[in-house]
Amino acid sequence: MLHIQSKLPGVNTTIFSVMSKLAAEYNAINLSQGFPDYACDPKLIELVNKAMKDGFNQYAPMPGSIFLKETIAEKVEKQYNIRYNPDTEITVTAGGTQAIFTALASIINAGDEVIIFEPAYDSYAPTVKLLGGLVKTYELAPPDYGIDWDMVKKLFTVKTRMIILNTPQNPTGSILSSDDMKSLIKLVSGTDIVILSDEVYEHLIYDGQTHQSVMSYPELRHRSFVVASFGKLLHATGWKLGYCLAPEDLTREFRKVHQFNVFSVNSPMQQAIAEYIKEPKNYTEIGSFFQLKRDYFRNLLAESRFKLLPCNGSYFQCASYSSISDEKDTDFSIRLVKEFGVATIPVSAFYQKATDHKIIRFCFAKENDTLAKAAEKLKNV
């Protein structure tokens, strides 16, 4: 029997895998894991097929296809009026999670401290720990999950190396404001703190609000990795394609890790995506698409006993069940699957201390028919 000392002794199978498996076992409607149950644009499939026939089947360049990086640079310039150099500041990655891992691995050394806002996407803390870093958590609370930046400042020490942002946020659907960004600028000014900004839901902003990217603030941009996802943008999460934007000095370190991690990313899909996003409407209309789904789902649940929390971005809707049950959110979520046939995610899974506010998360990136069937079941809870 081998003796293995685990690098992540407290980590088990992710809650997403657990709930999706349970949903399959009980033939439940799966509103847990964040993926669509509808097809992506057939034009995109045709472009991938064309790229394969055109011979894009061998290794792409390590930092990504030149065509795709140039197209990303054009997209970012149109959206934020900022120019990133395709050669030295843009790297194509195997999805957002790989970009997050690589950014952390390129900067964090043993003993470095990383500030994380929880509830947080579940890859952040384990990656920091894997690298020998220390996680400093700031716990957000419902219903608005706002940040008190004076309290964040108290987490700072001489070992603080990075702050991880996520806006729009998974799992809460909250977004950062311009005041938040100005407060952050004051906190990091004059320091060597690096920012990792997870902006994979950047286009999923609702009710006329504006996405507050670190790219829009020169005081933050020069110290920031920005992570984006084509999977979220193009309804193709299984393709695992994303990218990282960063100034040249940070990108240099990022690519040192990237080349020994995945080296390069799926070649024909890079070519196809570059062709597809040349047409801006293929990504600029996604916000209104999901706002309609959000509103549709919220209206359906208005007749239920769940209390819906604000959802300003992402494709996740959080809801309180405190007027329904005193159960732990994990137990309540399991019972929802077994007794009512709907799978969700308990939000305590996004806190390291498993903080339980009696909140669950629904994914509304589903066919309207799927959402309607789920809502009918949830009205019986």
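For the numbers below, each heavy atom of this structure counts, side chains included, while hydrogens, waters and symmetry mates do not.
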Distance-only donor-acceptor check, side chains [X] and [Y], under 3.5 Å:
X      : Y      : value
Tyr121 : Thr97  : yes
Ser213 : Glu199 : yes
Asn312 : Gln209 : yes
Glu139 : Thr355 : yes
Gln33  : Ser20  : yes
Gln317 : Arg361 : no
Asp148 : Tyr138 : no
Gln212 : Tyr217 : yes
Gln169 : Thr167 : no
Asp180 : Ser177 : yes
Trp239 : Asn266 : no
Arg305 : Ser323 : no
Ser17  : Thr14  : yes

Could you tell me whether a side-chain N or O of [X] sits under 3.5 Å from a main-chain N or O of [Y], the two making a donor and an acceptor?
X      : Y      : answer
Thr251 : Glu248 : no
Thr191 : Ile193 : yes
Asn166 : Pro168 : yes
Gln271 : Val48  : no
Asn261 : Val257 : no
Lys293 : Lys366 : yes
Ser197 : Val226 : no
Lys232 : Tyr201 : no
Ser106 : Ala103 : yes
Tyr351 : Leu140 : yes

Which atoms form the tightest heavy-atom contact between [X] and [Y], and what is the distance?
X      : Y      : result
Ile205 : Thr210 : CG2-N, 4.1 Å
Phe316 : Pro171 : CB-O, 3.7 Å
Pro143 : Pro310 : O-CD, 3.5 Å
Tyr296 : Ala372 : OH-CB, 3.6 Å
Ala99  : Cys244 : CB-CB, 4.4 Å
Lys78  : Pro280 : NZ-CG, 3.9 Å

Salt-bridge present ([X], [Y]; N to O < 4.0 Å):
X      : Y      : value
Glu376 : Lys379 : yes
Lys256 : Glu253 : yes
Asp150 : Lys154 : no
Asp356 : Lys358 : yes
Asp207 : Arg294 : yes
Lys21  : Glu25  : no
Arg335 : Asp331 : no
Glu113 : Lys159 : no

If you count heavy atoms of other groups shown closer than 6.0 angstrom to [atom1] of [X], is the number above 12?
X      : atom1 : value
Asn57  : CG    : yes
Asp326 : CG    : no
Glu279 : CD    : yes
Lys278 : NZ    : yes

Going hydrophobic residue to hydrophobic residue with side-chain gaps under 4.5 angstrom, can you get from [X] over to [Y]?
X      : Y      : result
Ile45  : Phe56  : no
Leu301 : Ile360 : yes
Phe101 : Tyr243 : no
Val18  : Phe35  : no

Roughly how far, to the nearest 0.5 Å, is [atom2] of [Y] from [atom1] of [X]?
X      : Y      : atom1 : atom2 : answer
Leu309 : Ser320 : CG    : OG    : 7.0 Å
Tyr276 : Leu68  : OH    : CG    : 14.5 Å
Gln270 : Lys69  : CD    : NZ    : 9.5 Å
Asn170 : Leu204 : CG    : CG    : 11.5 Å
Leu300 : Asn368 : CG    : CG    : 8.0 Å
Ile195 : Ile107 : CD1   : CD1   : 12.5 Å

Aromatic ring pairing [X]/[Y], orientation class (parallel under 30°, perpendicular over 60°, tilted between):
X      : Y      : result
Phe332 : Phe306 : perpendicular
Phe362 : Phe297 : perpendicular
His258 : Phe254 : parallel
Trp149 : Phe117 : perpendicular
Tyr206 : Phe364 : tilted

| Under 6.0 Å between ring centres, would you say that holds for Phe290 and His235? | yes

| field | NZ or CZ of Lys75 within 45° of Tyr283 ring axis and under 6.0 Å | value | yes

| request: Any chance you could lay out the side-chain contact (heavy atoms from CB on, under 4.5 Å) test for Leu196 and Val227, step after step, and finish with the verdict? | output: CA-CA 8 Å; Leu196 172 52; Val227 172; 3.8 Å; yes

| field | Check against side-chain contact (heavy atoms from CB on, under 4.5 Å), Leu241 and Ile273 | value | CA-CA 9 Å; Leu241 270 166; Ile273 287 172; 3.5 Å; yes

| Candidate pair Thr102 and Phe225, rule side-chain contact (heavy atoms from CB on, under 4.5 Å), full reasoning | CA-CA 10 Å; Thr102 303; Phe225 294 103; over 6 Å; no

